[in-house]
There are 2 protein chains.
Amino acid sequence: MRRIRNIVKELDEKEKGCTFSLQRLSRFIQPSLLLFLSKGQCHGYDLIEKLGVLGFHKEAIDIGAVYRTLRKLEKEGYVKSFWSSQKGRKRRVYRITSRGRTLLKFWIERVKERKEALNKFIIIYQEDKL
Amino acid sequence: MRRIRNIVKELDEKEKGCTFSLQRLSRFIQPSLLLFLSKGQCHGYDLIEKLGVLGFHKEAIDIGAVYRTLRKLEKEGYVKSFWSSQKGRKRRVYRITSRGRTLLKFWIERVKERKEALNKFIIIYQEDKL
DNA sequence: AAATATATATGGTTAAAACATATAATGGGA
DNA sequence: TCCCATTATATGTTTTAACCATATATATTT
């Protein structure tokens with residue numbers, strides 16, 4: 001039904017014996033959805049495809065989480081949705097609101113900070129290596 | 001007793017009306033502790049200081065989480081500890097194990113992936129901006 | 001003597017990812 | 001035509017780790 005977590009399972013093989021969940025994504029679905037919606041309206045399935053652009057293998061994405069996050073974003077007023085049924089399958093199309101754009105602006109700051117932190121992490125790791 | 005979250009509270013002010021917790025750190029304490037311990041033995045309080053090097057304000061760090069994570073890392077065999085009491089306060093000093101170094105190696109891969117993803121995030125955000 | 005800094009630890013709450021499963025319409029191939 | 005894969009959305013449960021609060025005790029500074 002859902003071919004999911006194939007690649008992650010391979011990692012599991014390699015990481016056998018490690019009790020920490022390394023592949024757990026963190027705080028990424030919500031800001032990513034806002035980001036893509038800031039570029040234009042989209043429906044959920046489309047957004048799942050687009051998450052791959054950021055480097056996540058489609059197979060590893062929790063589809064349920066995407067839809068759930070979209071519903072929550074709407075409940076909070078960051079996006080708005082409507083049903084579209086032209087050509088076949090009806091789909092719920094999302095649009096970002098101005099509130100959503102403001103939230104994304106805050107996220108960008110966090111993303112930049114986090115990127116800097118990860119960069120420092122890598123630099124420290126590589127120090128004094130032969 | 002603990003002057004914590006001063007800076008974060010300022011952010012809260014700015015982010016008023018946003019119901020999403022933007023400042024929540026994610027999956028960072030554990031790998032960071034391993035990283036610093038890979039450079040040499042340390043005790044918990046020292047590690048709290050060092051977390052600041054990665055760009056986190058000391059005030060925002062959950063000290064309890066640091067100690068808890070260290071205990072867990074030891075329980076899982078990624079670090080080892082002993083009590084040291086020379087000059088004053090006794091402290092529990094941690095050392096990374098070879099298992100810990102292996103775990104850190106896996107983490108580095110994740111960190112690099114994540115940094116790339118964050119970079120793409122920023123690039124996409126800046127596309128078609130005036 | 002009191003206050004602050006150093007140092008470690010644990011109990012409870014919450015958010016979000018991870019995991020599982022359900023539903024249903026559509027289009028292509030056997 | 002029937003089956004199956006793909007498209008498409010959704011919700012229930014479990015787990016993890018951050019977040020928040022608090023407790024304890026020694027050492028140093030005011």
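The sequence lines fix the lettering, A, B, ..., with proteins before strands; numbering per chain opens at 1.
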Using atom [atom1] of [X] as one end and atom [atom2] of [N] as the other, report the distance to the nearest whole Å.
X	N	atom1	atom2	answer
B:Phe20	C:dT14	CZ	P	17 Å
A:Leu34	C:dA16	CG	P	12 Å
A:Lys75	D:dA10	NZ	P	14 Å
B:Asp62	D:dT22	CG	P	14 Å
B:Glu74	C:dT8	CD	P	13 Å
B:Ile48	C:dT8	CD1	C1'	9 Å
B:Leu51	D:dA17	CG	P	16 Å
B:Arg24	C:dT13	CZ	P	15 Å

Exercise for review: Select base, sugar-phosphate, or nothing to describe what A:Leu70 touches, counting heavy atoms under 4.0 Å on all strands.
Suggested key: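 If one applies the 4.0 Å heavy-atom cut-off, A:Leu70 turns out to touch nothing in the nucleic acid.
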
Exercise for review: Tell me what A:Arg92 touches on the nucleic acid: a base, only sugar-phosphate, or nothing, going by heavy atoms under 4.0 Å.
Suggested key: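 Sugar-phosphate, no base atom in range.
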
Check your understanding: Taking atom types as modelled, is there a side-chain donor on A:Arg71 or A:Tyr94 under 3.5 Å from an acceptor on the other?
Key ->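 Checked: A:Arg71/A:Tyr94 side chains pair up, N/O donor to acceptor below 3.5 Å.
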
Check your understanding: Do the side-chain N and O atoms of A:Glu74 and A:Ser81 include a donor-acceptor pair separated by under 3.5 angstrom?
Key ->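 Their side chains do contain a donor-acceptor pair, which is all the 3.5 Å distance test asks for.
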
Practice item. Identify, with sequence neighbours excluded, every residue that meets ring-ring contact (aromatic ring centres under 6.0 Å, His included) alongside B:Tyr125. Key: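 B:Tyr125 satisfies ring-ring contact (aromatic ring centres under 6.0 Å, His included) with no residue once adjacent residues are dropped.
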
By nearest atom, which of the nucleotides [options] is closest to the [X] side chain?
X	options	value
B:Ser21	C:dA15, D:dT9, C:dA9	C:dA15
B:Trp83	D:dA18, C:dC19, C:dT8	C:dT8
B:Lys72	C:dT8, D:dT9, D:dA17	D:dA17
A:Arg68	D:dT11, D:dC19, D:dT9	D:dT11
A:Ile63	D:dT9, D:dA17, C:dA17	D:dT9
B:Thr69	D:dA18, C:dA9, D:dA10	D:dA18

Taking OP1 and OP2 of [N], is either one under 4.0 Å from a side-chain nitrogen or oxygen of [X]?
X	N	value
A:Ser26	D:dA18	no
B:Tyr67	C:dT8	yes
A:Lys90	D:dT7	no

Exercise for review: Write down the atom of B:Lys80, the atom of B:Thr97, and the distance for their closest heavy-atom approach.
Suggested key: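 Looking at all heavy atoms of both residues, the shortest contact is N-CG2, 4.0 Å.
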
Exercise for review: Mark yes or no for whether A:Ser84, through its side chain, and A:Val93, through its backbone, hold a donor-acceptor pair below 3.5 Å.
Suggested key: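 Side chain of A:Ser84 to backbone of A:Val93, a donor-acceptor pair under 3.5 Å: no, none is there.
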
Exercise for review: Give a yes or no on whether a donor-acceptor pair under 3.5 Å exists between the nucleobase atoms of C:dA16, that is its base, and the side chain of A:Arg27.
Suggested key: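 No pair found.
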
